[in-house]
Peer 1: 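Below: one structure in structure tokens.
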Number of protein chains: 4
Amino acid sequence: MRSRDTFTSEQRRAQLVDAAIAVIAEHGYPAASVAKIADRVGIAKSVALYHFRTKDELVAAVTVVVFAAAAEYIVPALAAAETAAGKLAAYIRSNAAFLAEHRAETVALREIATGYRSAEGRRFDEAVTEDTAANPPEGDLALLDPAAIFALGIETGEFRADLDPVRAGSALRGALDGAATDLARLTAIGVTYDPIAYGETLVEIFTRGVLA
Amino acid sequence: MRSRDTFTSEQRRAQLVDAAIAVIAEHGYPAASVAKIADRVGIAKSVALYHFRTKDELVAAVTVVVFAAAAEYIVPALAAAETAAGKLAAYIRSNAAFLAEHRAETVALREIATGYRSAEGRRFDEAVTEDTAANPPEGDLALLDPAAIFALGIETGEFRADLDPVRAGSALRGALDGAATDLARLTAIGVTYDPIAYGETLVEIFTRGVLA
Amino acid sequence: MRSRDTFTSEQRRAQLVDAAIAVIAEHGYPAASVAKIADRVGIAKSVALYHFRTKDELVAAVTVVVFAAAAEYIVPALAAAETAAGKLAAYIRSNAAFLAEHRAETVALREIATGYRSAEGRRFDEAVTEDTAANPPEGDLALLDPAAIFALGIETGEFRADLDPVRAGSALRGALDGAATDLARLTAIGVTYDPIAYGETLVEIFTRGVLA
Amino acid sequence: MRSRDTFTSEQRRAQLVDAAIAVIAEHGYPAASVAKIADRVGIAKSVALYHFRTKDELVAAVTVVVFAAAAEYIVPALAAAETAAGKLAAYIRSNAAFLAEHRAETVALREIATGYRSAEGRRFDEAVTEDTAANPPEGDLALLDPAAIFALGIETGEFRADLDPVRAGSALRGALDGAATDLARLTAIGVTYDPIAYGETLVEIFTRGVLA
DNA sequence: GATGAATGAGGCTTCATTCAT
DNA sequence: AATGAATGAAGCCTCATTCAT
């Protein structure tokens, strides 16, 4: 019966999501305890579990927030580009831009994606994979999966016909995810990291690599 | 008075490393407790910590073993290739072959790379990065870092002069690491995964992407 | 400034008592949290504790309500019977009838009698025993303790002189309470239970068992 | 891989069972936390959960121990009696004797029987009822259910043909369980309680109540 | 009257590690 | 070389209760 749409409540929830992002990015998912997250907000552990019934719920909120924020970068960029090659470059650059401007969010999402396990031991990405299979995204959202961009380019003849779009998509996602990992690693040891430049390198490699 | 070079001792250590690989690959790093690993060998938890003073030591041994096994695939392949392009293809294919033939090892290493934190909170790859900086590998071993292959190709003029070898190296490592992640994810939900075919896709994309 | 005699207030209190009965009967006393009870009424947990300053107070209200309801069955029945044997049968049958027609109430009361402990660890029945000792009931109410019925029968010569009325009373209360336990247990596993028939069995056994 | 049959281990387990009995009898099942039980033994909470993987396992051990102890009183007594009436009296007296000599055990078992709920909310006696239905006891053990004694007496013609053995059994069990409740209640408020005398009262009432 | 928010105590469980044997 | 026992820190979660609005 808790109505969670009060102003205060929304505020607390947002604070908690922010704190969770920071703590996860800093300590990694397994070490990101509810206690640490609540501490960072300056509230009791039990308050966190008052606003999110369970740790999993808080983590889910984090992913929703970060996904939505990322989509705001990527979807318009994709829509603005007309050719498949243009969309490919836009996809890479918007991902890089998001990473550059939302470092903690990206790292946190990466930590969750690789570190989360449900109580029964299921991986985070297993759930996502199955969800996506059950409810395939439509329209521009579908292009959030890079495989769709490669498939489009093959269809329009821009990209090599012998290209495997799914594998190429994995390669690109891997390269992009690697950026988040590099960012976390290098930041931790005090080295600065330039996601934009990395994005340009990817644009060059992947564009040349797939053009017909 | 622990002599670590006895036959049985070495044997036990090897058993434990194998068990650790299996358990980590199956349950993920955070859920891979010493108890579960010891159980799999059929010995008491305390015995595991007798042979490896600490869980971290066991994990370190796992990474050494897996790295060494991977090097046995990659180093000879690199040595056999003469051109930079050849070495690039060899690097990718030998990585893919290792992954195809040592799935548990690969997944376990990925889990560790991704989930491990030292007691002080340092990431696994932070340690590796610093170690590497302190003791740079020499000879063929140096090529285990793909950046070196790209640098070589630029030097020989095979690859584009404007290519950033370090960033290209990150892209390739990311794409390769993504394969391990995909393997873990897809295996978990019962989908078969073909690392060799993925490797060929990477060879095509990266070769075209970097050639002069 | 809490006025506890307003109409709405009385109404809320009654709703809460009803909800408490239902929740306790269904989930057992220890699992019957204030939150669950308030939820069932559709109000906030804090509202429940506004009307009953403490959970103990709510529970006390439940027992009062159920006792009163039971007394409405039992007292008139006792009054209508003239002999001790008649009162004994009336006592058993009215208890059984109450149980048959107020299953949730009976089960809830039993759960409380059995599971409740005050903050200091005192049992529910300890409090009742001491209360009764301090304020002994008078008139027909006194007969709510079956020992009084047996004592009466011994006095009138209907029952065996060597009968111990207190112990016989305990036996009868035990047999009757057992019905509530059986009811809860059997209902939970989907078996129907016939309190009336059980009552008749008790009438037969106890009547023959105590007659002079 | 824990072999739990060491001497020390058996000893600790026995200590823990004893402590659990004492704590449950004193504080009631819901308030009997693992911490309190471990405290009473003078060991860390985690040690208790080392010897019994879970609180439920400890509670199960308690019931097994108490049931076994009770059976040692009851089974031989039943076997020694030849007539149904004799067995009835023996059943009651041996129950009373056990209660008299093992007060804490009896109270604890009663607390568990009425207060235990599984994680899914199942009552203790639901489980027992279903277990018994699945694996009905044989031989003298079958007589541990008083309904069997009444059925026997009806068969031999000692008891009234119109008696319902199951309901009579419930009545007797209820009366006997009531003794445990009374014992707990009266002991708590400092009144002494004589189970043997109570048993005699029950013998008189139930024997007269069921004889043909 | 009503309620959302906050709290701290306590509950069960898991885990890496130590130690005596 | 092996191990059973013990431990304490930490983790997630539930709950009755308080308080300002």
Side-chain angles (χ1 to χ4, degrees), chain A residues 1-9 11-12 30-36 38 43-56 58 119, chain B residues 1-4 6-9 11-12 30-38 43-56 58 119, chain C residues 1-4 6 8-9 11-12 30-38 43-58 119, chain D residues 1-9 11-12 30-36 38 43-56 58 119:
Chain A
M1 276 310 150
R2 296 175 193 162
S3 61
R4 289 280 177 57
D5 29 76
T6 321
F7 176 66
T8 326
S9 190
Q11 213 170 240
R12 267 274 181 274
S33 64
V34 174
K36 253 179 227 148
I43 59 179
K45 183 176 39 169
S46 49
V47 179
L49 291 162
Y50 167 72
H51 290 283
F52 295 93
R53 234 186 325 278
T54 187
K55 190 191 176 183
D56 276 19
L58 171 53
Chain B
M1 212 56 86
R2 295 175 191 163
S3 56
R4 284 280 171 61
T6 319
F7 174 65
T8 35
S9 189
Q11 210 170 242
R12 269 273 180 274
S33 62
V34 174
K36 252 181 226 146
I37 294 168
I43 59 179
K45 182 172 43 166
S46 47
V47 179
L49 289 160
Y50 167 76
H51 289 284
F52 295 93
R53 207 138 22 102
T54 182
K55 191 190 180 186
D56 280 16
L58 170 54
Chain C
M1 209 57 83
R2 294 173 191 166
S3 57
R4 285 281 172 60
T6 320
T8 35
S9 190
Q11 210 170 239
R12 269 273 179 274
S33 62
V34 175
K36 249 181 227 148
I37 294 167
I43 60 179
K45 181 173 45 166
S46 47
V47 180
L49 289 161
Y50 168 75
H51 289 285
F52 295 93
R53 208 137 24 99
T54 181
K55 191 191 179 184
D56 279 15
E57 257 180 37
L58 170 53
Chain D
M1 277 310 152
R2 297 177 192 159
S3 60
R4 288 277 176 59
D5 29 74
T6 319
F7 175 65
T8 325
S9 190
Q11 212 170 240
R12 266 274 180 275
S33 62
V34 174
K36 252 180 227 148
I43 58 180
K45 183 176 39 169
S46 48
V47 178
L49 291 162
Y50 166 73
H51 290 283
F52 295 92
R53 233 186 326 277
T54 185
K55 190 190 177 184
D56 277 19
L58 171 54

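Throughout, protein chains are lettered first and strands after them, A, B, ... in sequence-line order, and every chain is numbered starting at 1.
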Peer 1: Mark yes or no for whether C:Thr54, through its side chain, and C:Glu57, through its backbone, hold a donor-acceptor pair below 3.5 Å.
Peer 2: no
Peer 1: Nearest 0.5 angstrom please: A:Ile43 CD1 to A:Tyr50 OH, how far?
Peer 2: 11.5 Å
Peer 1: Return a single string for nucleotides 11-21 of chain F, one symbol per nucleotide in 5' to 3' order, where B is base contact, S is sugar-phosphate-only contact and - is none, cutoff 4.0 angstrom on heavy atoms.
Peer 2: SBBBSBBB---
Peer 1: What are the two closest heavy atoms between B:His51 and B:Ser9, and how far apart are they?
Peer 2: ND1-OG, 3.6 Å
Peer 1: Taking 4.0 Å as the cut-off, does a side-chain nitrogen or oxygen of B:His51 come that near to OP1 or OP2 on F:dA2?
Peer 2: yes
Peer 1: Any idea which heavy atoms bring C:Lys55 and C:Leu49 closest together, and the distance?
Peer 2: N-CD2, 3.8 Å
Peer 1: Pick the nucleotide of DNA chain E nearest each of A:Val47 and C:Val47; which residue has the one closer to the 5' end?
Peer 2: C:Val47
Peer 1: Can you name the side-chain contact (heavy atoms from CB on, under 4.5 Å) partners of D:Ser46, sequence neighbours left out?
Peer 2: D:Ala44
Peer 1: Which heavy atom of B:Ala31 sits nearest to which heavy atom of B:Lys36, and what is that distance?
Peer 2: O-NZ, 2.7 Å
Peer 1: Mind calculating the distance between CZ (B:Phe52) and P (F:dA1) to the nearest angstrom?
Peer 2: 13 Å
Peer 1: Tell me which nucleotide among F:dT7, E:dG4, E:dA2 gets nearest to the side chain of A:Tyr50.
Peer 2: E:dG4
Peer 1: Could you check whether any side-chain heavy atom of C:Val34 comes within less than 4.5 Å of a side-chain heavy atom of C:Leu58, counting everything from C-beta outward?
Peer 2: no
Peer 1: Below 4.0 angstrom from OP1 or OP2 of F:dG4, is there any side-chain N or O of D:Arg12?
Peer 2: no
Peer 1: Could you please name the option among E:dA2, E:dA6, F:dG8 that lies closest to any side-chain atom of D:Ala44?
Peer 2: F:dG8
Peer 1: With rounding to the nearest 0.5 Å, note down the distance linking NZ in A:Lys45 to OG in A:Ser33.
Peer 2: 8.0 Å
Peer 1: Rounded to whole Å, please give me the gap between CD1 in B:Ile37 and C1' in E:dC15.
Peer 2: 12 Å
Peer 1: So what does the secondary structure string of DNA chain E come out as, 5' to 3', with Watson-Crick or wobble pairs under 3.5 angstrom, [ ] for crossing and | for pairs with another strand?
Peer 2: .||||||||||||||||||||
Peer 1: Measure from CD1 on A:Ile43 to P on E:dT7 and round the result to the nearest Å.
Peer 2: 7 Å
